[in-house]
**Q** 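Sharing a structure, written as structure tokens. Questions coming.
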Amino acid sequence: MPGQTLFQKLWDAHVVHIEADGTTLLYIDRHLVHEVTSPQAFEGLKLARRIPRRADAAIAVPDHNVPTTDRSQGIADPVSRLQVETLDANCAEFGITEFRMDDIRQGIVHVIGPEEGLTLPGMTVVCGDSHTSTHGAFGALAFGIGTSEVEHVLATQCLWQKPSKTMLVKVEGQLGRGVTAKDIALAVIGEIGTAGGTGYAIEFGGSAIRALSMEGRMTLCNMAIEAGARAGMVAVDQTTIDYVKGRPYAPKGETWDKAVTWWNTLHSDADAQFDRVVELDATRIAPQVTWGTSPEMVTTVTGRVPDPADAPSETKRHDWARALEYMGLAAGTPITAIAIDKIFIGSCTNSRIEDLREAAAVAKGRKVAPGVKLALVVPGSGLVKRQAEQEGLDVVFRDAGFEWREPGCSMCLAMNADRLEPGERCASTSNRNFEGRQGQGGRTHLVSPAMAAAAACAGRFVDVRDL
Amino acid sequence: MQAFTVHDGLVVPLDRANVDTDAIIPKQFLKSIKRSGFGPNLFDEWRYLDHGEPGKSNHDRPLNTEFVLNQPRYQGASVLLARENFGCGSSREHAPWALEDYGMRAIIAPSFADIFYNNCFKNGILPIVLDAQIVDRLFRECGTNEGYALTVDLDKQTVTTPTGETIPFDVDAGRKHRLLNGLDDIGLTLLQADRIKAYEERRKQDAPWLFG
């Protein structure tokens, strides 16, 4: 019998029951909750006179709607405010721990889970948010769900699932200077496409992945969903264990030792079989920049905007032409000739301390270019913000002309006041360049934090390796 | 949940690949704490020429007459014909809520994003995967025949065209059963309460740090 994949090990540890057709009742260890996708789930519970099966397994935080400016007056938009107040009320009613807007631990749900040790290796983690794949960086099975399933998990602590197919994305070699996990993520999506991972759980492996910090692994797994895979994951190693140790909700003492013994088995066996294997050479990955309205529309900073005439199919030709029209770009334009209006450094993809350090290293001693209207830095959590301030990163950003904000999802999806105006072009460290994502008519280019900071200072894209 | 058995409906073709859930229902409408009322804002940025906001009346907003949903011949459509990777991106269930509220009962595409596909079944919408070449042909037939309608039979797992051609499709047996009967998932799962409890007792021994 061949060995098991990490996915199979995680799956097997959470099987409650298997139906005749293979549909499996899977136990959920951690349920992360935010204000946007939970109100209807709580309402459903109440209407059916149900209560959460395990309030202790859930943790809630408002992140999508929160302002990133002064919060002392609360949320100005009454619709946003009601949604956050509804979360507060639901958590109070059902005994769910919530890090409220005025709590230093408040932040983006996918940043605070790992930061607090609420995300642990070997767990099943769900959240009504597609970027839940982030938590797979810890050797966990983590995936996004809809609101009906949020209600289902609250009521039963389980979900009905069928096992995914497994894909190994193997990245070997050493990343070049200035090339980051974000560039690996975009290069993978460029390779397999935004639907390439549909139906799969992706495991990222190889020497380039083992060399990544936990922050880098989170960035990579975060974007598994952008390749179509609900779950991305990385095997547990010493980097994982070192990150988790001492976190507030991590096990302690003897329980810690017991946990580590199990966690150290959470890797694919050497002879495990995957349904698909994709290999990338890390030494050949250059800083990536998206040019279109889907994350798969990506090239390198040294590249050019492609010509729809060169598209591989008629459907793609149509899509590329439409994307260029929306983005206001002409085929053949060098990426480094594209001028930028706004910069966004933040989101569940790239708002952790390491991301801010990389961006600050570029911003240090430079100034935001005169043509740039706004350069935002939005830390992923109150604790990331505090850490950055202790390191003096806020001063570096402010001196360079960036705005230093309060934590939240912010301009990744523009549910709060941070957004693009029609036609504005943004270098963004977020995860989606969809039409209208950052504001109706806004034009998004996805890049790494260092590339975003470099674009802010040059007023256009520049190759961070040349600085 | 509304059951789905047989549905005969006018088809509207949306000829774009990778239609994401941000396009299906833009973020500002996600601030609602309700499950209903999203239909008028389905595909809001494509459907209207101005910027939509929650609470704003949609009746006097300028329509984008080029957008397929606004064309007179497609009024009343309840079957959406789409391209590959439909429903990608955000997990927002507001996307199927908006489609359902608008009146869509079935969506036909060569492929769907996983989370969206799953969310449809929770809301009485049947997502149907057909071979890309067949979908291509349906697009052509729909484009050239005004009033083009399809009959979707979930029990038989068939789509029937106006000429009587019958196209089979696959659907997971468990999902089919629940959708045919409009069953509440949670009620069914709670029948497994003893098994869930047994799992928890076992797990508490093996991994005590996951509890409390």
Side-chain angles (χ1 to χ4, degrees), chain A residues 16-17 19 21 23 25 27 29 36-37 39-40 43 48 50 53 56 64-65 79-80 82-83 86 120 122-123 128-130 144-149 151-152 155-158 160 162 194-195 198-199 228 230 251 255-256 258-259 262 294 315-316 319 322 413-415 432 434-437 440, chain B residues 15-18 20-23 26-28 30-35 45-46 51 54-55 83-85 88-94 96-97 111-116 118-119 122-123 172-175 184-190 192-193 195-196 198-200 203 206-212:
Chain A
V16 171
H17 172 65
E19 295 274 288
D21 72 343
T23 306
L25 191 60
Y27 195 79
D29 294 318
V36 179
T37 56
Q40 298 86 351
E43 187 189 46
R50 290 173 176 140
R53 182 177 178 86
D56 69 292
H64 286 61
N65 277 281
V79 191
S80 287
L82 176 64
Q83 198 165 49
T86 303
L120 295 171
M123 275 183 163
D129 192 290
S130 61
I145 56 178
T147 298
S148 294
E149 289 189 325
E151 183 181 341
H152 193 279
T156 70
Q157 208 54 43
C158 294
W160 290 103
K162 279 218 170 156
T194 46
T198 303
R230 286 178 81 179
T255 319
W256 167 263
K258 187 177 165 117
W262 182 51
S294 163
T315 308
K316 288 233 188 291
D319 289 347
R322 202 191 148 101
L413 84 169
M415 271 189 83
R432 291 188 174 135
F434 299 158
E435 281 186 23
R437 171 80 178 180
Q440 190 171 20
Chain B
D15 194 4
R16 294 186 63 166
N18 298 313
D20 57 76
T21 54
D22 273 84
K27 83 277 291 177
Q28 62 270 34
L30 273 52
K31 295 179 186 181
S32 167
I33 56 172
K34 298 195 170 70
R35 228 176 227 269
E45 292 187 4
W46 295 342
H51 181 72
R83 294 290 186 185
E84 64 253 33
N85 202 27
C88 62
S90 159
S91 62
R92 60 189 68 168
E93 199 163 314
H94 311 66
W97 293 341
S111 61
F112 292 89
D114 287 339
I115 302 177
F116 175 82
N118 192 39
N119 283 341
K122 313 285 183 192
N123 292 284
D172 174 84
R175 282 180 166 139
D184 168 18
D185 262 5
I186 296 177
L188 287 178
T189 308
L190 289 173
Q192 306 285 339
R195 288 187 165 117
I196 299 172
Y199 174 89
E200 284 174 338
R203 194 75 177 145
D206 296 343
W209 62 88
L210 296 172
F211 295 83

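Note on naming: letters A, B, ... go to the chains in the order of the sequence lines (proteins, then strands), and numbering restarts at 1 for each one. Both backbone and side-chain heavy atoms feed into the values below; hydrogens, waters and symmetry mates do not.
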**Q** Would you give the length of the straight line joining atom CD1 of B:I186 to atom CD of A:E151, rounded to the nearest 0.5 angstrom?
**A**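 Spacing of CD1 (B:I186) from CD (A:E151) equals 4.0 Å.
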**Q** Would you sort out whether A:R53 and B:E200 count as a salt bridge (Lys or Arg N to Asp or Glu O under 4.0 Å), showing the intermediate values?
**A** CA-CA 11 Å; A:R53 182 177 178 86; B:E200 284 174 338; 2.9 Å; yes
**Q** Verify side-chain contact (heavy atoms from CB on, under 4.5 Å) between A:T156 and B:D185, making sure each step is shown before the conclusion.
**A** CA-CA 10 Å; A:T156 70; B:D185 262 5; over 6 Å; no
**Q** Taking all non-hydrogen atoms of both residues, which atom of B:I115 and which atom of A:G144 are closest, and how far apart?
**A**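 Smallest interatomic distance, heavy atoms only, reads CD1-O, 3.6 Å.
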**Q** Please answer whether the main-chain N or O of A:T198 pairs with a side-chain N or O of B:D114 as donor and acceptor at a distance below 3.5 Å.
**A**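 The answer is no, because no donor-acceptor pair under 3.5 Å joins these two groups.
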**Q** Between atom CG of A:L413 and atom CD of B:Q28, what is the distance when rounded to the nearest 0.5 Å?
**A**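 Between atom CG of A:L413 and atom CD of B:Q28 there are 10.0 Å.
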**Q** Of the backbone (N, CA, C, O) and the side chain (C-beta and beyond), which part of B:F112 lies under 4.5 Å from a heavy atom of chain A, both, or neither?
**A**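 Looking at B:F112, just its backbone touches chain A.
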**Q** For the candidates A:S294, A:C158, A:G436, which exhibits the highest count of non-hydrogen atom pairs separated by less than 4.5 Å from chain B?
**A**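 Of the candidates given, the most pairs with chain B belong to A:G436.
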**Q** Quick one: does A:T194's side chain get under 4.5 Å of B:C88's, heavy atoms only?
**A**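 The answer is no; the side chains never approach within 4.5 Å.
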**Q** Which pair of non-hydrogen atoms, one from A:S130 and one from B:S91, has the smallest distance, and what is that distance?
**A**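 Scanning both residues, the minimum pair turns out to be N-OG, 3.3 Å.
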**Q** Decide yes or no for A:M415 and B:L30: does some side-chain heavy atom of the first lie under 4.5 Å from some side-chain heavy atom of the second?
**A**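 When only atoms from C-beta onward are counted, B:L30 and A:M415 do touch, with a gap below 4.5 Å.
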**Q** Does any heavy atom of chain B fall under 4.5 Å from the side chain of A:L25, the backbone, both, or neither of them?
**A**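 Interface part for A:L25: side chain.
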**Q** Please look at B:S111 and chain A and tell me whether the side chain, the backbone, both or neither of the residue comes under 4.5 angstrom of a heavy atom of that chain.
**A**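 Contact with chain A is absent: no heavy atom of B:S111 under 4.5 Å.
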**Q** Going from CD on A:Q440 to NE2 on B:H51, what distance comes out if it is rounded to the nearest 0.5 angstrom?
**A**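 Between A:Q440 CD and B:H51 NE2, I get 5.5 Å after rounding to 0.5 Å.
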**Q** In Å and rounded to the nearest 0.5 Å, what is the CD to CD distance from B:E93 to A:Q40?
**A**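 Atom-to-atom, B:E93:CD and A:Q40:CD are 8.5 Å apart.
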**Q** So, taking the atom named CG in B:N18 and the one named NZ in A:K316, what distance separates them when rounded to the nearest 0.5 Å?
**A**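 Nearest 0.5 Å value for the CG-NZ distance: 6.0 Å.
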**Q** Which pair of non-hydrogen atoms, one from A:K162 and one from B:D172, has the smallest distance, and what is that distance?
**A**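 So the two residues come closest at NZ-OD1, 2.5 Å.
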**Q** Is it the backbone or the side chain of B:R203 that comes under 4.5 Å from a heavy atom of chain A, or both, or neither?
**A**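 It is the side chain, since no backbone atom gets that close.
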**Q** Is there a side-chain contact between A:T315 and B:E84 (heavy atoms, below 4.5 Å)?
**A**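 SC-SC contact between A:T315 and B:E84 confirmed.
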**Q** Can you say whether B:A17 sits under 4.5 Å from chain A via the side chain, the backbone, both, or neither, judging by heavy atoms?
**A**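 Looking at B:A17, backbone and side chain both touch chain A.
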**Q** Answer with side chain, backbone, both or neither: which region of A:A48 has an atom nearer than 4.5 Å to a non-hydrogen atom of chain B?
**A**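 For A:A48, there is no contact with chain B at all, as no heavy atom is under 4.5 Å.
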**Q** Within a strict 4.5 Å, meaning less than it, do heavy atoms of the B:I33 and A:E43 side chains meet?
**A**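 Contact flag for B:I33/A:E43 side chains = no.
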**Q** How many angstroms lie between OG1 in A:T37 and CZ in B:R92, if you round to the nearest 0.5 Å?
**A**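 Result: 10.5 Å between the selected atoms.
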**Q** With a 4.5 Å cut-off on heavy-atom pairs, point out which of B:A173, B:P26, B:G89, B:P208 contacts chain A the most.
**A**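 Winner by heavy-atom pair count: B:G89.
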**Q** Among A:G146, A:G199, A:P39, which has the most heavy-atom pairs under 4.5 Å with chain B?
**A**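 Most heavy-atom pairs within the cutoff with chain B belong to A:G146.
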**Q** For a 4.5 angstrom cut-off between non-hydrogen side-chain atoms, does B:N118 reach A:E149?
**A**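 B:N118 vs A:E149: side chains touch.
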**Q** Less than 4.0 Å between a side-chain N and a carboxylate O, is that true for A:R432 and B:D20?
**A**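 A salt bridge is absent here (no side-chain N lies under 4.0 Å from a carboxylate O).
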**Q** Check B:N123 against A:S148 and note the closest heavy-atom contact, atom names and distance.
**A**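 B:N123 and A:S148 have their closest heavy atoms at ND2-OG, 4.4 Å.
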**Q** Between A:A414, A:A259, A:P251, which shows the greatest number of heavy-atom pairs under 4.5 Å with chain B?
**A**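 Of the options given, most contacts go to A:A259.
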**Q** Over all heavy atoms of both residues, which pair between B:L190 and A:A155 is shortest? Give the atoms and the distance, please.
**A**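 Taking every non-hydrogen atom into account, CD2-O, 4.0 Å.
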**Q** Could you pull out the closest heavy-atom pair between A:R437 and B:S90, with the gap in Å?
**A**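 A:R437 and B:S90 have their closest heavy atoms at NH1-CB, 4.5 Å.
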**Q** Would you check if A:T147 and B:W97 make a side-chain contact, meaning some heavy-atom pair closer than 4.5 Å?
**A**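 With C-beta onward as the side chain, the pair touches.
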**Q** Between A:W160 and B:Q192, is there a side-chain heavy-atom distance shorter than 4.5 Å?
**A**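 Sidechains of A:W160 and B:Q192: in contact.
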**Q** Considering only heavy atoms, which portion of A:L120 lies under 4.5 Å from any heavy atom of chain B: side chain, backbone, both, or neither?
**A**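 Contact with chain B is through the side chain of A:L120 alone.
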**Q** Indicate whether any N or O donor in one side chain lies under 3.5 Å from an N or O acceptor in the other, for A:E435 and B:W46.
**A**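 The answer is yes; a qualifying pair exists.
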**Q** Find out whether A:H64 and B:K27 are in side-chain contact, i.e. whether some heavy atom of one side chain is under 4.5 Å from a heavy atom of the other.
**A**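 A:H64 vs B:K27: side chains apart.
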